[in-house]
Amino acid sequence: MTTLATGEATGSTVDPRRHGVAVRFAPAVAGYAVVVVFLLHTGTPALAVARWTAYALLAVLLPGTLVFRALRRRPHTLVEDLAMGAAVGLVLELAAWAAFTAVGAPGWLRLWPLAVVLPFAAVPRLRRHWRVRYATVAPVGWAWSLAAVVAGFAGYLHASFLAVNPVLPTDEGQAQYLDLAFQLSLAGAATHQVPLDVPQVAGEPLHYHWFGFAHLAATSLVSGVDLPTVFFRLAVPALCALAAVLVAVVGWRITGRPYAGVVAAALMFTVGEFGFENGWRQLFGTQATFIVWGSPSMTYSWVLLLPLIAALGEVVGRARGVAVPPLGRGAWVLAASFLAASTGAKASTVPVVLAALAFTAVLLLAIRRRLPRAVLAAAGLALAAQVFATAVLFAFESHGVTVDPFSGLRTYLPVDQSAGAAAVTWVAVGLAFLLSLQLRLAGVLALLRVRRWRLEAVQLFLLGGALAGPATYLLVGHPGSSNQYFTRTGFAFGVILSAWGWAELADRAALSARGRLLLGAGTAGFAVLLTAVQLDSAASTPITPAYARVLPLLCWAAALTVLALLVALCWPALVGRWPGLAGRGGLLLLTAVLVAGAPGLVMDAAAARKQPNGGAYAVVPMPASRVEAARWVNAHSDPDDVLATNVHCRTVVDGWCDARSFWLSGYAERAVLVEGWAFAPRMVGRPEGPYAPFWDAERLRANDAAFTAPTAAGLASLRDRYGVRWLVVDRTVGPESPALRTLAELRFGNAGTAVYRLR
């Protein structure tokens with residue numbers, strides 16, 4: 001029996017000698033080449049690309065793949081070994097980074113792969129993992145489809161991020177998304193510090209999920225590529241490509257269907273939100289299409305979460321009929337490792353995983369009338385990871401997250417409404433939320449229908465994660481909409497389950513090769529048509545009333561619903577004209593629903609090109625003179641040197657400082673005595689928002705006096721008490737006192753800034 005979902009005989013294997021080496025590796029080479037072309041087109045030095053490639057192959061992929069092969073029971077495919085191995089390599093890299101940095105030797109980090117490579121070369125029992133024979137190879141169509149997903153998303157990143165964000169600003173009018181310099185500062189701190197302090201307030205502990213920034217630091221340390229190039233060019237496309245491949249291989253492993261995996265990858269990295277631009281690109285938080293570069297820690301967390309889902313999928317119970325070889329006992333080691341790395345990758349990961357395991361345990365207990373011990377043991381691991389994260393990494397800081405049900409929806413509701421109107425608006429906004437963020441999970445409903453609501457353990461686990469993400473978003477609130485990261489975490493579960501539902505419908509449809517070709521061509525044509533219509537109709541929507549922001553989405557949904565109903569009415573006639581359509585209406589409808597958000601990435605990229613910051617919610621000025629001064633400090637100072645600056649505010653409103661200035665700590669990669677303090681954990685969630693005053697008035701006075709009224713005693717106090725070695729002045733904010741030239745050594749200056757060294 002041949003199925004659309006597998007593309008091969010059920011339960012059979014594929015002879016790896018069926019395809020030549022060039023044919024088998026052509027999709028991977030093509031995907032890599034596309035990414036490299038986009039990087040080179042945006043000014044990335046070819047040498048930097050070459051160094052990063054060597055780092056990825058020798059310091060992540062090689063050691064990680066060897067360890068993964070030693071942990072899993074039997075091989076499945078080469079692409080799975082490499083993708084899962086890369087994720088394992090990132091976990092090992094994190095541990096190595098912490099060890100080398102803790103002993104004050106981060107420069108020696110490039111040697112860490114030897115700790116894996118040498119034992120695998122010397123120990124006879126481990127040598128067999130260098131060369132593995134695979135009974136199964138990835139179908140050629142699967143490989144090229146996945147390469148197309150990677151290449152397409154790289155194109156989106158080129159348009160929305162790479163092409164609009166220079167590595168270093170080139171003029172005084174450059175604007176930049178607010179968070180980028182802050183994130184760069186965390187990566188800079190991680191090049192020489194563990195655990196991290198808040199870079200903008202020297203010595204202030206950073207209770208935050210910073211593991212992803214440690215990865216960026218390790219990338220720079222090992223590859224020798226400067227950190228801004230890693231941050232603004234190499235890391236985001238690489239993490240996104242790895243995440244896409246992981247979705248595909250994990251989806252294949254869990255479902256047993258290769259094309260379920262690649263459909264899941266397309267749902268996550270090709271089809272966007274059903275937002276229909278119309279002037280509002282960030283409904284219900286921030287779009288996933290923006291998240292991958294606006295919050296690289298989210299993408300890093302997906303790279304760890306997806307193999308964690310694969311490992312826990314083995315623990316809770318494999319689906320019947322899956323021919324993929326089991327991971328074996330190594331699944332427990334993998335689950336524990338990825339849980340540990342996920343604790344500090346993103347704060348949203350472990351709570352959603354824990355909720356998914358709890359959901360699975362409760363339903364299995366209700367269905368089978370016995371305790372699912374393996375699920376409970378896995379939940380115990382997740383609970384221990386959450387306790388560690390809460391107590392050690394986050395020090396019980398809430399970061400502004402509060403229990404505030406439906407706060408993410410209330411912003412779309414008018415203040416004064418009658419009870420009846422309020423009920424209607426609530427329903428409309430709730431429907432818009434589901435359509436915008438959850439429409440790509442429509443395959444879950446198809447799976448429930450096909451399975452008659454009798455799901456297997458691993459399917460319950462995926463469903464639990466898919467529900468836990470948006471449920472947590474609706475339960476809690478955050479002043480910066482960071483609660484939407486829970487939705488993004490749950491999405492990794494949901495796309496696999498949704499693709500599983502699509503694959504089972506495809507199995508039942510049993511399309512011929514010609515039918516599969518027509519379905520693919522029709523799907524692509526429908527996506528292109530939707531995109532063309534939306535590009536032609538995009539327009540701004542007035543801000544008032546509040547619900548106006550969701551009206552375009554609802555109107556488009558209504559129009560497509562009417563179209564679907566018309567097709568349904570005509571369906572008997574269509575089947576009479578083309579009998580091959582009989583029994584395949586459900587598959588066609590589900591396919592159309594799943595790709596309804598196809599215009600999302602195109603619209604997002606088109607909007608991003610019109611804005612200097614790539615379409616992010618807030619910008620800060622990032623003049624070239626500031627960055628030039630910061631980079632000079634980076635080149636002429638020691639990593640442990642502390643800087644002081646006269647710049648604290650993004651803007652000043654009615655005398656209140658918006659303390660979100662991070663340029664110096666970001667580009668100098670050094671700690672600053674007091675820069676912008678708004679993102680310090682103790683300040684996040686304060687009622688005043690970013691305008692909350694600094695908590696240590698004495699430190700702030702001493703800092704500012706060094707520029708406005710310097711004295712020998714005051715500068716000596718900064719040097720001896722706080723470790724300050726450099727003073728960085730932005731003269732557009734305020735010129736330094738003339739007395740400073742007699743008390744400190746002027747080492748650098750340009751049109752807007754000056755750098756002094758304390759004697």
Side-chain angles (χ1 to χ4, degrees), residues 13 16 28 54-100 109-138 211 215 218 222 242-243 245-246 248-254 261 303-316 318 322-343 345 374 377-378 381-382 385:
T13 59
Y55 149 79
L57 292 175
L58 301 178
V60 176
L61 199 62
L62 176 60
T65 300
L66 290 172
V67 172
F68 176 71
R69 285 174 172 174
L71 290 174
R72 56 112 171 95
R73 180 180 297 173
R74 287 189 291 128
H76 177 219
T77 62
L78 175 61
V79 66
E80 179 182 84
D81 272 10
L82 295 178
M84 295 286 284
V88 171
L90 292 177
V91 176
L92 297 174
E93 174 191 75
L94 185 63
W97 164 84
F100 277 85
L109 181 61
R110 64 189 59 185
L111 298 180
W112 85 262
L114 295 177
V116 174
V117 171
L118 292 180
F120 274 82
V123 179
R125 292 186 60 184
L126 296 177
R127 287 179 192 157
R128 61 188 177 91
H129 298 300
W130 283 92
R131 187 167 184 174
V132 176
R133 296 182 63 85
Y134 298 95
T136 303
V137 297
F211 286 5
H215 159 64
V222 175
L242 177 56
V245 176
L246 280 167
V249 299
V250 172
W252 182 353
R253 165 164 286 280
I254 289 180
V303 169
L304 301 175
L305 173 62
L306 288 161
L308 174 60
I309 291 173
L312 291 176
E314 297 274 328
V315 169
V316 302
R318 289 161 54 86
V322 172
V324 177
L327 292 174
R329 293 181 179 178
W332 285 99
V333 179
L334 291 169
S337 301
F338 288 120
L339 272 172
S342 295
T343 56
L381 282 177

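Everything numeric here is computed off the predicted structure, so don't read it as measured data. Along the sequence shown, residues are numbered consecutively beginning with 1.
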Out of curiosity, [X] [atom1] to [Y] [atom2], how far, rounded to the nearest 0.5 Å?
{"X": "Leu71", "Y": "Leu66", "atom1": "CG", "atom2": "CG", "value": "11.0 Å"}
{"X": "Phe68", "Y": "Leu61", "atom1": "CZ", "atom2": "CG", "value": "12.0 Å"}
{"X": "Met84", "Y": "Arg253", "atom1": "CE", "atom2": "CZ", "value": "6.5 Å"}
{"X": "Glu80", "Y": "Leu82", "atom1": "CD", "atom2": "CG", "value": "10.0 Å"}

Side-chain touch [X]/[Y], heavy atoms, less than 4.5 angstrom:
{"X": "Val79", "Y": "Val245", "answer": "yes"}
{"X": "Asp81", "Y": "Arg72", "answer": "yes"}
{"X": "Phe338", "Y": "Leu305", "answer": "no"}

Shortest non-hydrogen contact from [X] to [Y]?
{"X": "Gly328", "Y": "Arg73", "result": "CA-NH2, 3.5 Å"}
{"X": "Leu327", "Y": "Ala310", "result": "CD1-O, 4.2 Å"}
{"X": "Ala87", "Y": "Leu304", "result": "O-CD2, 4.3 Å"}
{"X": "Leu246", "Y": "Val303", "result": "CD1-O, 3.5 Å"}
{"X": "Ala243", "Y": "Leu306", "result": "O-CD1, 3.6 Å"}
{"X": "Phe211", "Y": "Ala340", "result": "CE2-O, 3.9 Å"}

Q. Salt bridge (charged side-chain N to carboxylate O under 4.0 Å, His left out) with Arg318: which residues, sequence neighbours excluded?
A. Glu314
Q | Within residues 303-313 or reaching into it, pairs that qualify as side chain to side chain donor-acceptor pair (under 3.5 Å) - sequence neighbours excluded | A | none
(Q) I need the full list of side chain to side chain donor-acceptor pair (under 3.5 Å) pairs touching residues 322-333, with sequence neighbours left out, sorted by first then second residue. (A) none
Show me the donor-acceptor pairs, under 3.5 Å and distance only, between side chains in residues 92-99 and residues at least two apart or in other chains.
| unit_1 | atom_1 | unit_2 | atom_2 | d |
| --- | --- | --- | --- | --- |
| Glu93 | OE1 | His215 | ND1 | 2.9 |
| Glu93 | OE2 | Tyr55 | OH | 2.5 |
| Trp97 | NE1 | Thr101 | OG1 | 3.3 |
| Trp97 | NE1 | Ala190 | O | 2.8 |

Excluding sequence neighbours, so at least two apart, what forms side-chain contact (heavy atoms from CB on, under 4.5 Å) with [X]?
{"X": "Pro63", "value": "Trp112, Pro113, Val116"}
{"X": "Ser337", "value": "Val91, Val333"}
{"X": "Ala56", "value": "Trp52"}

Which pairs of donor and acceptor atoms, one on a side chain in residues 121-130, lie under 3.5 Å apart (sequence neighbours left out)?
| unit_1 | atom_1 | unit_2 | atom_2 | d |
| --- | --- | --- | --- | --- |
| Arg127 | NE | Ala121 | O | 2.9 |
| Arg127 | NH2 | Ala122 | O | 3.2 |
| Arg128 | NE | Arg125 | O | 3.3 |
| Trp130 | NE1 | Phe120 | O | 2.8 |

